[in-house]
Amino acid sequence: MSDNKDGEEVSRPWQSYHTVFTNAKAGMDGVDKEKVQKIVYEMSKGSKYFENEERKEAFIKQKIENMRAQCAKLTVMDIAHYQTVADKKIAELEVTRDLSKTWLHVDMDAFYAAVETKENPSLMGKPMAVGGMSMISTANYEARKFGVRAAMPGFIARKLCPELIFVPVDFKKYTHYSELTRKVFHKYDPNFIASSLDEAYLDITEVCKARGISSEEIAGELRAGVFEETGLTCSAGVAPNRMIAKVCSDINKPNGHFVLPNNRIAVMTFISSLPIRKIGGIGKVTEHILKDVLGISTCEDILHKSAYLCALFSHSSIDFFLSVGLGLGRTDTPQVRSRKSISSERTFSATEDEASLYNKIADIAESLSSDMQKEDLRGRTLTLKLKTASFEVRTRAVSLQKYIFSSEDIMHHGSKLLKAELPVSLRLIGLRMSHFHEDKPSPDPLQRTLTKFLISGNASEHVTHDRNSMGSESSSTFDVSDREKGLHGDAYRTCLFDADDEYDYGDRLNPQQSSYFEHNSESSYINAGEIEKPYLRCQTKVNNPERTGHGSPSKEVGDLKRVDMESSSVSGQSEATYVQRFESGANILHMKATLPANEKGQSLWVDDYKCSLCGAELPPSFVEERQEHSDYHFAEMLQKEESPENCRVSIQRSSQKVQITKKNGQKKQKTSLKDSKHIPIDLFFVKSNQNF
DNA sequence: GGGCATTTTGGAA
DNA sequence: TTCCATTCCAAAATGCCC
Ligand SMILES: Cc1cn([C@H]2C[C@H](O)[C@@H](COP(=O)(O)OP(=O)(O)OP(=O)(O)O)O2)c(=O)[nH]c1=O
Ligand SMILES: [Mg+2]
């Protein structure tokens with residue numbers, strides 16, 4: 001297979017250039033995929049962006065090779081062992097199957113584009129995209145016939161379709177229409193989960209029973225209701241759990257619905273031939289890895305390769321994959337979660353002019369501060385995000401003792417972080433605040449703690465009465481991390497098991513969250529957890545519409561005020577903690593590991609391939625990289641011997657980093673990127689894997 | 001050994 | 001001419017400090 005692939009890469013290179021929009025999507029039926037691929041490739045080839053993608057791709061390929069090697073080493077006995085482990089796990093999961101609920105997933109058709117067309121009917125029937133020349137957020141179905149898709153840069157889309165009309169994004173409009181749709185959703189499930197402006201999950205078990213009608217009828221009625229209310233079409237999917245419902249809503253998109261009966265046979269039949277990429281949580285990289293390492297393409301394949309999966313991946317990943325293979329997904333209604341961060345970033349033409357960079361960051365700080373004030377947020381951690389002219393992304397964070405929100409404070413700390421990176425040529429700067437303080441303004445930390453303590457008692461009561469108690473959202477007043485652990489402490493990994501849940505956080509129509517009634521924009525968080533009539537307490541949060549060119553309006557996340565942990569830690573330093581690292585994008589999947597530790601000494605290349613100190617693999621041809629790698633170990637040793645106290649910052653700032661997986665004692669490592677000036681780089685790997 | 005802080009990664013709309 | 005976004009989440013890994 002790999003030989004074959006390599007061969008194709010040489011003769012038809014565009015076939016191996018995968019993008020987020022390479023993946024099939026509704027409305028792409030009659031499209032000449034080959035032609036589109038070729039144009040996309042031609043337009044991308046040679047660009048800085050492309051080169052960065054190639055670097056990332058090379059990293060993944062290497063990882064795949066390592067995993068394949070590991071598979072090859074498995075003995076018959078190993079495989080038999082893993083098979084029993086897999087079978088046991090499968091049996092355990094099967095027991096949890098719950099076919100008693102009926103979930104419906106609704107997804108608006110070409111949402112932004114549909115809204116724009118509704119407001120400007122002259123666009124009807126013409127290929128149109130929402131966004132600009134650098135990026136489009138979505139395209140209508142006429143444009144999709146040309147291969148134009150969401151997340152595709154505008155200039156490429158125009159190449160695919162010269163007639164394409166570009167309409168700038170206008171979040172205010174989308175938010176408005178979103179509210180209208182939610183009004184309809186609310187009639188069928190007052191606790192519906194809004195996972196984005198245009199999507200929601202409804203537990204229609206009760207409505208069906210109460211009205212004595214089928215889920216099919218509910219789906220039709222709901223879609224008609226949405227159309228009546230908004231003039232926009234949507235698609236729906238009905239299934240016994242959210243994971244499958246989401247897949248189903250895509251089956252008859254646009255303007256249609258698909259109902260999967262609540263019985264095991266139907267689910268298994270449906271899932272078996274389904275490409276794994278259709279499942280939420282499995283994206284480009286995971287698909288690539290499972291395909292190239294184990295030949296897995298469909299959900300059915302997952303069960304056939306269960307032993308290998310157990311041999312290669314971590315527990316949580318195994319649970320997730322096997323659940324997908326079994327067609328199992330969440331059926332409960334999760335706890336409402338509050339926003340955890342807020343950010344603002346902007347792309348501009350690359351520059352290394354410091355004055356101009358400071359101007360940019362000032363604008364961003366201003367914008368972020370303004371957003372924070374709209375939600376009455378104050379945060380303790382500020383993260384600076386940078387994207388260099390070569391598309392390398394870096395982040396740098398500081399945790400402060402004070403909670404801040406003013407543009408002055410943000411700018412002050414943000415520019416300090418930026419200053420440490422100069423000189424550098426950047427194309428993007430972003431600022432993100434997190435570790436929010438949940439109280440109302442009260443600058444004094446001590447006082448806040450007290451206030452919080454008092455409030456937490458009351459707030460807790462409300463919150464805990466929240467619909468279901470799976471979360472310990474407020475159980476532990478002062479320990480955020482404990483609460484979060486509780487939140488994810490379920491049998492499955494939230495993120496992967498049910499990707500839907502990833503989005504539940506935000507748009508779930510929760511009391512204080514976004515929706516269409518403003519009277520509560522001021523609602524105090526003390527009522528945050530109460531949910532009698534959730535939507536009645538929603539506030540309309542328009543996320544700086546039009547500020548950004550495209551993208552999504554920040555997930556109007558509600559701010560379920562949770563009592564945050566107080567300053568307590570702010571580890572030592574009086575000012576703040578500065579730590580940094582860098583790295584170019586590279587993918588990592590988590591796997592099991594198995595590499596022996598090395599001792600310190602000189603850097604030698606074992607088997608002419610592996611570093612004797614850390615096990616990193618670096619082919620002999622990587623002369624410079626090897627030199628650099630050796631230098632790194634050398635510097636590391638010097639540091640250890642000389643200044644133990646500076647170790648942290650120094651090492652982290654060095655151009656390479658070595659990571660040792662504790663659990664497995666295996667190591668993985670990669671060379672990260674450099675620092676502003678040169679560009680070393682590249683990685684190598686690890687023998688084994690990591691955990692998925 | 002645990003808790004905290006930082007960074008990276010992959011995913012989704 | 002233009003030349004690949006923005007917002008947000010969770011997990012995992014790493015290192016420091018107790
Ligand atoms: C996928 C994607 C969507 N969006 C926005 C624009 C979309 O209209 C909106 C909803 O996303 P989607 O539901 O993924 O797409 P869509 O509604 O435009 O089309 P479909 O008929 O296939 O459902 O989110 C982005 O801004 N960036 C993205 O990468
Ligand atoms: Mg949609």
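Source: prediction; values computed, not measured. Side chains are part of it too, since the values below use all heavy atoms of this structure and drop only hydrogens, waters and symmetry mates. Sequence lines set the chain letters: A, B, ... in the order given, protein chains first and strands last, and positions in each chain run from 1.
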Nearest-angstrom distance from the residue atom CD of A/Glu345 to P of C/dT6: 6 Å

Side-chain N,O (A/Arg394) to OP1/OP2 (B/dT8) below 4.0 Å: no

Atom pair distance, as rounded to whole Å: CZ in A/Phe348 and P in C/dC4: 13 Å

For atom CZ of A/Phe166 and atom C1' of C/dA5, their distance in whole Å: 14 Å

Nearest-Å distance for atom pair CD/C1', residues A/Gln335 and C/dC9: 17 Å

Lys/Arg N to Asp/Glu carboxylate O, A/Lys45 vs A/Glu42, below 4.0 Å: yes

OP1 or OP2 of B/dT9 under 4.0 Å from side-chain N/O of A/Thr286: no

Closest listed nucleotide, where the reference is the side chain of A/Thr395 and the choices are B/dT8, B/dA13, C/dC4: B/dT8

Rounded interatomic separation in angstrom, taking CD from A/Gln401 and P from B/dA5: 11 Å

Value in whole Å for how far the P atom of C/dT6 lies from CZ of A/Phe391: 11 Å

For C/dC17, the Watson-Crick or wobble partner whose two distances fall under 3.5 Å: B/dG2

Sugar-phosphate, base or nothing in reach of A/Thr381, heavy atoms under 4.0 Å: sugar-phosphate

Distance, rounded to the nearest Å, where A/Ile276 contributes CD1 and B/dG11 contributes C1': 14 Å

Candidates C/dA5, C/dC8, C/dT6 - which lies nearest the side chain of A/Ser343: C/dC8

Sequence-distant partners of A/Phe348, ring pair (Phe, Tyr, Trp, His ring centres under 6.0 Å), two or more places apart: none

Watson-Crick or G-U counterpart of C/dT1, or none if no pair lies under 3.5 Å: none

Nearest-nucleotide pick for A/Met133, side chain only, options being B/dA13, C/dT2, C/dA5: C/dT2

Nearest-neighbour nucleotide for the A/Asp198 side chain, C/dC4, B/dA13, C/dT6 considered: B/dA13

Sugar-phosphate only, base, or nothing, as touched by A/Lys45 at under 4.0 Å among non-hydrogen atoms: nothing

Proximal nucleotide (of C/dC3, C/dT6, B/dA5) relative to the A/Arg346 side chain: C/dT6

Flag for A/Thr381-A/Ser399: side-chain donor and acceptor within less than 3.5 Å: yes

Sugar-phosphate only, base, or nothing, as touched by A/Lys284 at under 4.0 Å among non-hydrogen atoms: sugar-phosphate

Nucleotide C/dC9, atom P - distance to CD of A/Glu199 in whole Å: 17 Å

A/Lys56/A/Glu53 ion pair, N-O < 4.0 Å: yes

Sugar-phosphate, base or nothing in reach of A/Ser341, heavy atoms under 4.0 Å: sugar-phosphate

A/Ser134 vs C/dT2: side-chain N/O to OP1/OP2 distance below 4.0 Å: no

Base C/dT7 paired with A/Arg432 side chain (donor-acceptor, <3.5 Å): no

From C/dT7, C/dT2, B/dA13, nucleotide with atom closest to A/Ser196 side chain: B/dA13

Distance below 4.0 Å between A/Lys340 side-chain N/O and C/dA11 OP1 or OP2: no

Phosphate OP1/OP2 of B/dT6: any A/Ser399 side-chain N/O under 4.0 Å: yes

B/dT9 pairs with, by Watson-Crick or G-U criteria that keep both distances under 3.5 Å: C/dA10

N/O (side chain, A/Lys159) to phosphate O (OP1/OP2, C/dC3) under 4.0 Å: no

Proximity of A/Tyr177 and A/Phe111 rings by center, below 6.0 Å: no

With A/Lys360 via salt bridge (charged side-chain N to carboxylate O under 4.0 Å, His left out) - residues at least two apart: none

Under 4.0 angstrom between A/Lys48 side-chain N/O and C/dC4 OP1 or OP2: no

Salt bridge A/Asp250-A/Lys253, side-chain N to carboxylate O under 4.0 Å: no

side-chain N/O A/Arg337 vs C/dC9 OP1/OP2, d < 4.0 Å: no

Sugar-phosphate only, base, or nothing, as touched by A/Ala151 at under 4.0 Å among non-hydrogen atoms: base

Sugar-phosphate, base or nothing in reach of A/Ile156, heavy atoms under 4.0 Å: base

